[in-house]
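All of these numbers come straight from a predicted model, not from anything done at the bench. Per chain, numbering begins at 1; letters A, B, ... match sequence-line order.
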Number of protein chains: 2
Amino acid sequence: MEAVTETMVAADAREETRARIEQAALDLFTAQGFEAVTIDEVADAAGISRRTFFRYCSTKADAVWGQFDGHVVRLEGMLAAAAADQPVLASVYAAYVEVNDYAAADLPMLRQRMRLILTEPALLAHSQLRYADVDRVVAAHVARRTGVAPDTLVPRLVATSTRAAATTAFELWLADGEITLGAALHQAFDELAAGFPSLRLPG
Amino acid sequence: MEAVTETMVAADAREETRARIEQAALDLFTAQGFEAVTIDEVADAAGISRRTFFRYCSTKADAVWGQFDGHVVRLEGMLAAAAADQPVLASVYAAYVEVNDYAAADLPMLRQRMRLILTEPALLAHSQLRYADVDRVVAAHVARRTGVAPDTLVPRLVATSTRAAATTAFELWLADGEITLGAALHQAFDELAAGFPSLRLPG
DNA sequence: TTGCCGGTGGCACTGGGTGTCACCTACGGT
DNA sequence: ACCGTAGGTGACACCCAGTGCCACCGGCAA
């Protein structure tokens, strides 16, 4: 459409379309609610056909998640590269903080995305499927480090409860508005790793 | 259909129909997979119409969960009745164990149900919506006990991570076949409450 | 008998998701 | 310049979950 467009290779055009879909979906879902928006409306807003929408996003809910697969891969890489002498829980904690260390420019979109995911029931449900991938990666890391099978108690429990901590940190970050995402993660992980010390303080 | 049926009041007939739907759904989903079974097939197997199915279960996934609302209510009651001098985490732990103390006769159906929920992606996603109710109840209890708002870090974190522990215990119970559900819950909660002590043991 | 009422089934409709095909465009080979 | 191919796209038809509406049928009270 413009001078820039002319020089675009196919991959670039694809990426640009993907971004348009994502932005259209986030805006429409935020304005009208996830259920109230039709895929036809998202497709129209993104300037593509309904059929093409499903070639980019396998599900209506997928449109909200963007490049989440890349996050899981990055998390996996960080865990694999963690220092061998670092305590297991600390390595998981550090990887979660690092993978969620967004540039300031990305924070508004992240807020929009997470608000939708934590607010809209259908998206909250769908999130479980995405988080299951994260859990597998974390459980595999814990299992490797402790020398047990990945489907035993401790790896699974560490994976699910650290993810619960991360999700809680996101909720806190969304609701507060003041606190940093990193600070929220820090608080949540400290509570978890120490067995909820603040519950033992005088009421 | 039989002599017993003649004496049934409306409420009894409704309960009997509900049970037939649940059993038909569990069996069909187990045999052919959740996605592969149509609601028409479940309705036919239960001897009702498709439209009536939706009067008993608001969702295809709901057919698997049975009387789960009652469990949440019971959990809430147990937490409210917990001794005031009992540590908060211990009261949550005890309530989870008690609400999951099934009669031996109910265990096969529970196994079938939980296997589906933890195995089928659509049901796993849906479970997040059911568990959100549990989390609210637990968070409210922790908040009441600690004198903070229910939507702050500690209540939310305790709720999500204890539920993560319970879910992990269910996974363990399903996969193992030997271990008791109560024993699995015990192991998971002990790990969680002590900050994952087994991670500090020699490799 | 009449009128009401709760549960049921049938029907039509919306909307998410998939399979299929025809088209078009960019590219490499001749 | 021509042709063939391959990948992205749009249009269409289809399946199925879920909803609204109405007609029916049973029991029950006046």
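Within a heavy-atom distance below 4.0 Å of DNA chain C, no residue of residues 21-31 of chain A is found. Applying a 4.0 Å cut-off to non-hydrogen atoms, none of the residues of residues 112-132 of chain B approaches DNA chain D.
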Identify each donor-acceptor pair in which a side-chain atom of residues 95-107 of chain B lies under 3.5 Å from a protein atom, sequence neighbours left out, and give them as a table.
residue: B:Asn100; atom: ND2; partner: B:Tyr96; partner atom: O; Å: 2.9
residue: B:Tyr102; atom: OH; partner: B:His71; partner atom: ND1; Å: 3.4

N/O donor-acceptor pairs under 3.5 Å from side chains in residues 23-43 of chain A, not counting sequence neighbours:
residue: A:Gln23; atom: NE2; partner: A:Asp27; partner atom: OD1; Å: 3.1
residue: A:Gln23; atom: NE2; partner: A:Asp27; partner atom: OD2; Å: 3.4
residue: A:Asp27; atom: OD1; partner: A:Gln112; partner atom: NE2; Å: 3.1
residue: A:Thr30; atom: OG1; partner: A:Leu26; partner atom: O; Å: 2.7
residue: A:Thr30; atom: OG1; partner: A:Gln112; partner atom: NE2; Å: 3.3
residue: A:Glu41; atom: OE1; partner: A:Thr38; partner atom: N; Å: 2.7

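Within the structure, every pair that satisfies the salt bridge (Lys or Arg N to Asp or Glu O under 4.0 Å) test and touches residues 69-83 of chain A, not counting sequence neighbours, is listed here: A:Asp69-A:Arg130. Identified under the side chain to side chain donor-acceptor pair (under 3.5 Å) test for residues 134-144 of chain B, with sequence neighbours left out: B:Asp133-B:Arg136, B:Asp135-B:Arg163.
By the ring-ring contact (aromatic ring centres under 6.0 Å, His included) test, B:Tyr131 is found to be paired with B:Trp65, residues two or more places apart in sequence or in another chain being considered. With sequence neighbours left out, the side-chain contact (heavy atoms from CB on, under 4.5 Å) criterion links B:Glu191 to A:Leu153, A:Val154, A:Leu157, B:Phe196, B:Pro197, B:Ser198. With sequence neighbours left out, A:Thr160 forms a side chain to side chain donor-acceptor pair (under 3.5 Å) with B:Thr168. Partners of B:His186 according to the side chain to side chain donor-acceptor pair (under 3.5 Å) rule, which considers only residues two or more places apart in sequence or in another chain, are B:Tyr93, B:Asp190.
Annotation for A:Arg145 and A:Ser91: closest pair NH1-OG, 4.5 Å, computed over non-hydrogen atoms. The two residues B:Ala125 and A:Gln128 make their nearest non-hydrogen contact at CA-CB, 4.0 Å. Across every non-hydrogen atom of A:Leu199 and B:Leu89, the tightest pair is CD1-CD1, 4.1 Å.
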Given protein heavy atoms under 4.0 Å, the one-letter contact record of nucleotides 8-21 of chain C, with B base, S sugar-phosphate only and - none, is simply BBBB----BBBBB-
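For the pair B:Asp62 CG and D:dT19 P, the computed distance is 10 Å after rounding to whole Å.
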Nucleotides 23-27 of chain C: which of its N/O atoms have a protein N/O under 3.5 Å away?
none

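Electrostatic pairing of B:Arg18 and B:Glu22 does not count as a salt bridge here, judged by no charged N lying under 4.0 Å from a carboxylate O.
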